[in-house]
Amino acid sequence: MLCDTKSSWLSTLRHDVPASLVVFLVAVPLSLGIAMASGAPLAAGLIAAVVGGIVAGALGGSAVQVSGPAAGLSLVVVDLVHTYGWRATCMITLLAGAVQLLLGVFRAARAALAVSPAVIHGMLAGVGVIIALSQLHVVLGGSSQHSAVANLVELPGQIADLHGHKVAVGLLTITVLAVWTRLPAAIKVIPAPLAALLVAAVTAWAFGWDVTRVDLSDSLTEWAFPVLPQGDWHLVVASVLLVALLAGCESLLCCVAVDGMHGGRRADLDQELTGQGVANMVTGALGGLPVAGVIVRSTANARAGARTRASTILHGVWVLVFAIGFGWTITLIPMEALAALLVFIGVQMVNLGHIKKVHGHGEVPVYVVTLAAVILLGLAEGVLAGLALAALLALRRLTWVTVLKRPDKDGRLHVTISGSLTFLGVPRLTHELRTIPAGTPVDLDLNIDFMDNAAFEAIHSWRLDHERMGGTIDIDELHDEWYTLAASGARMFPVKSPPVAPDRWWLPWAQRHRRPGPRMVPSNGGAMRVECQLTAGAREYHRRTAPLVKPIFSELARKQQPTHLFITCADSRIVPSLITASGPGDLFTVRNIGNLVPRRGSEPHDDSVVAAIEYATQVLGVHTITVCGHSGCGAMAGVLSAGVQAGSLPGLRRWLRHGNHSLATFIETEGDRLHSGALDVLCRVNVQQQLENLRTYRKVDEQVRAGKLELVGLFFDIATARVHLVPPLRSTPSVKMHDRRVPAGEE
């Protein structure tokens, strides 16, 4: 225990203390700037930074996230200060913290993640534009207007009436911020915001420029208890909820993003929301800004190597020490430099990376509408507009119906309907179905996860009309059988079903949920007969699989380049591509009864196997020859019975003579007494013997000895569906020697 405590202290000193200093240097200028943008006393920004670091850091659910005053809340605070006054705004912050605390206690944090990120990113971008436009006037030596539109209208006049020194300080600050990221790493240890303010302050002092200095007349010691807002209580409640929800959503989304930046324990979102609530209650009581998880400081903390919450807490301690002991230094900072810092932050809030992300998911309209509404109407109105549009787009996607039509070569029309079939999609559905010519044979695939009564009636009535006009329709449902159940009058439940796992190609026909259905086709004599299952399977392949694998076979059509010759049994239970995880063009396959390789010059003479061996090794240049046997082999049972089980099958009895060497080897190793596992032992020995038989061919033996060809023995245990490597009878460097169990396809 003592050793663990010592190790923890050492880790804190090594990782968390340096990281806390980095975050502290970032937090001080940002906190002052956000307080300025919020229309609050500058000391309120430092109070929020201290409380966010110490309280939220200690009680929150994330080990790395850093909380403090957030630029995204500055517009709300400006409006609240203008409407109710600063002390009442502090009470609204306190009450918003209580709401967050209750939401965290009742474990409602996950619900905040349901808000579309496009809305959050659009809101932050809108706030950034407003901050940049308002503070740009301060940089130019004037004062900001009451709205973003007014700031934009007044901007040309402000540019025409420049104030030399003030503009110079602002431009110098922005230049340092822009250039700092391109400097060597040793210099970038100092955070860019701090460096920019230092350069601006020193330059203004050195040249005696006429600038506006930061005023801290409302010091940390001049504190007054928050008061209740006066006015319509409905609006007050709405303000409390707005601050609580915006701060909570920003904190939780930041928390999720920061989780991907470190390798420690994942965040507890409900605990994080609870910690944020307590922190907002404390900062509101002390006269600070609302706090939330802030991505800039959190990213700096993670990149600086923070391991535990000690870094976040210590950064708050450093801010407190600075505010008490060195707060006087803040009065040296030009207000124009702080405004320039805010302009730079505001521009960065319009993040191109966020736009790319929402574009990839088709949510750019939500982003743009939220951004525009925040700028033109206000923060709350913009968020509501974004949420409303996001909900409409989600509803549209959920009810969007896709109808694809593709003519087949046999004259049939392949139609696929995808999506959720509700009454909202019926107009488009009926329009597409009515374009199908009368009398056309149709294969209709329903790739849907829901169908309401209106959609069923539309499809069913079209089907009846189409069949009455001489057409035929084969309906295939890829998920639950919504149409079939509705047509049979079965009781339906209006619940969307999760997709059923698709049938795998390797399942037997009898075990598939959706198997190719035989249909009536004309025979040679003209009478109708039931289509055979194999033909139905080929039709199924043409409908579903052929379009997917066509690019592969188009490539293979020019030339085959297999790397393996695979000799296995003709047993229907052995599927080479399945047990080796191979695909088209990988295996040059020979199948016969008993996976036998006739020895060179043996009787009865057979050239089919040796022809494949010669072609594979001397033309195709394969790297391996694999002989694969299996458990319960009927051919080996015939060999073991000395041909008795072959009965009156003379061709089979002659063929099984090629297994006599396997039987002889089996007798040498096992004796002539049979036991319950004798058949499978013979099956394994047979694989070994066929590897020996391959060596009777001179070209094969030469390539093996030269290391150009590898012989591999496999044994497939049907009952366990496992593949085993089988060692050869004799040892060569290029022959597999170990008998071990491997998953199918490992070799």
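Note that the coordinates shown come from a computational prediction; the quantities given were computed from them, not determined experimentally. Nothing fancy with the numbering, it's 1 onward along the sequence.
Among all heavy-atom pairs drawn from Gln690 and Asn595, the shortest one is CG-O, 3.4 Å. Closest approach of Cys683 to Phe715, counting heavy atoms only: CB-CE1, 3.7 Å. Between Trp462 and Leu433, the shortest heavy-atom contact is NE1-O, 3.1 Å. Between Thr440 and His466, the closest heavy-atom pair is O-NE2, 2.7 Å. Heavy atoms only, all atoms of each residue included: Leu663 and Val639 are closest at CD2-O, 3.6 Å. Nearest heavy-atom pair, Ala637 versus Leu679, reported as atom, atom and distance to 0.1 Å: N-CD1, 3.5 Å.
Asn686 places no side-chain N or O within 3.5 Å of a backbone atom of Ser662 that could act as its donor or acceptor partner. A donor-acceptor contact shorter than 3.5 Å links the side chain of Gln688 to the backbone of Pro727. Under a 3.5 Å cut-off, the side chain of Glu363 and the backbone N or O of Val358 do not form any donor-acceptor pair. His658 contributes a side-chain N or O that, together with a main-chain N or O of Pro604, makes up a donor-acceptor pair within less than 3.5 Å. Between the Asn592 side chain and the Leu596 main chain, a donor and an acceptor come within less than 3.5 Å of each other. Listed for the Asp680 side chain is no donor-acceptor partner under 3.5 Å among the backbone atoms of Gly677. Between the side chain of Arg591 and the main chain of Ile574, a donor-acceptor pair closer than 3.5 Å is present.
Remark: Ile579 CD1 to Thr568 OG1 distance equals 6.0 Å, nearest 0.5 Å. Atom NE2 in His460 sits 9.0 Å away from atom CD1 in Ile475 (nearest 0.5 Å). Note: His724 NE2 to Arg684 CZ = 5.5 Å, rounded to the nearest 0.5 Å. In this structure, the separation between OG1 on Thr589 and CG on Leu565 is 8.0 Å, given to the nearest 0.5 Å. With rounding to the nearest 0.5 Å, the separation of OG1 in Thr402 from CD in Glu432 is 9.5 Å. Note that the CG atom of Asn693 and the CD atom of Gln689 stand 5.0 Å from one another [nearest 0.5 Å].
The side-chain contact (heavy atoms from CB on, under 4.5 Å) test applied to Val681 returns Phe666, Glu670, His675, Val685, not counting sequence neighbours. Residues meeting the side-chain hydrogen bond (donor to acceptor under 3.5 Å, both in side chains) test with Asp465, sequence neighbours left out: Arg468. In this structure Ala454 satisfies the side-chain contact (heavy atoms from CB on, under 4.5 Å) test together with Phe423, Val426, Asp452, sequence neighbours excluded. When the side-chain contact (heavy atoms from CB on, under 4.5 Å) test is applied to Ser461, no partner is found at least two apart in sequence or on another chain. Evaluation of the side-chain hydrogen bond (donor to acceptor under 3.5 Å, both in side chains) rule for Glu467 yields Arg463 as partners, not counting sequence neighbours.
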- [ ] Go through the steps for Ile417 and Leu444 under the test side chain to side chain contact (heavy atoms under 4.5 Å, CB included), then give the verdict.
- [x] CA-CA 8 Å; Ile417 299 176; Leu444 177 62; 3.7 Å; yes

- [ ] Given side chain to side chain contact (heavy atoms under 4.5 Å, CB included), test Val704 with Leu694 step by step and report yes or no.
- [x] CA-CA 10 Å; Val704 171; Leu694 282 167; over 6 Å; no

Task: Step-by-step salt bridge (Lys or Arg N to Asp or Glu O under 4.0 Å) determination, Asp270 to Arg107 - done: CA-CA 5 Å; Asp270 292 305; Arg107 309 188 69 80; 3.5 Å; yes

Task: Phe566 vs Leu714, side chain to side chain contact (heavy atoms under 4.5 Å, CB included): CA-CA, chis, key distance, verdict - done: CA-CA 10 Å; Phe566 197 82; Leu714 294 181; 4.1 Å; yes

- [ ] Begin with the C-alpha distance, continue with both residues' side-chain angles, and end with the deciding distance and a verdict on side chain to side chain contact (heavy atoms under 4.5 Å, CB included) for Arg600 and Arg698.
- [x] CA-CA 9 Å; Arg600 181 172 175 271; Arg698 182 173 58 85; 5.9 Å; no

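Residue Arg406 places its CZ atom among more than 12 non-hydrogen atoms of other residues, nucleotides or ligands, all under 6.0 Å distant.
Side chains of Glu692 and Thr665 form no contact here, defined as non-hydrogen atoms less than 4.5 Å apart. Looking at His359 and Lys356, their side chains never come closer than 4.5 Å, going by heavy atoms from C-beta outward. With a 4.5 Å cut-off on side-chain heavy atoms, Arg573 and Phe716 do not count as touching. Counting heavy atoms from C-beta on, the side chains of Leu729 and Leu691 never come closer than 4.5 Å.
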Side chains of residues 613-633: which donor-acceptor pairs under 3.5 Å do they make with residues two or more places apart or in other chains?
from, atom 1, to, atom 2, distance (Å)
Thr617, OG1, Ile613, O, 2.8
Thr624, OG1, His564, ND1, 2.4
Ser631, OG, Ile718, N, 3.0

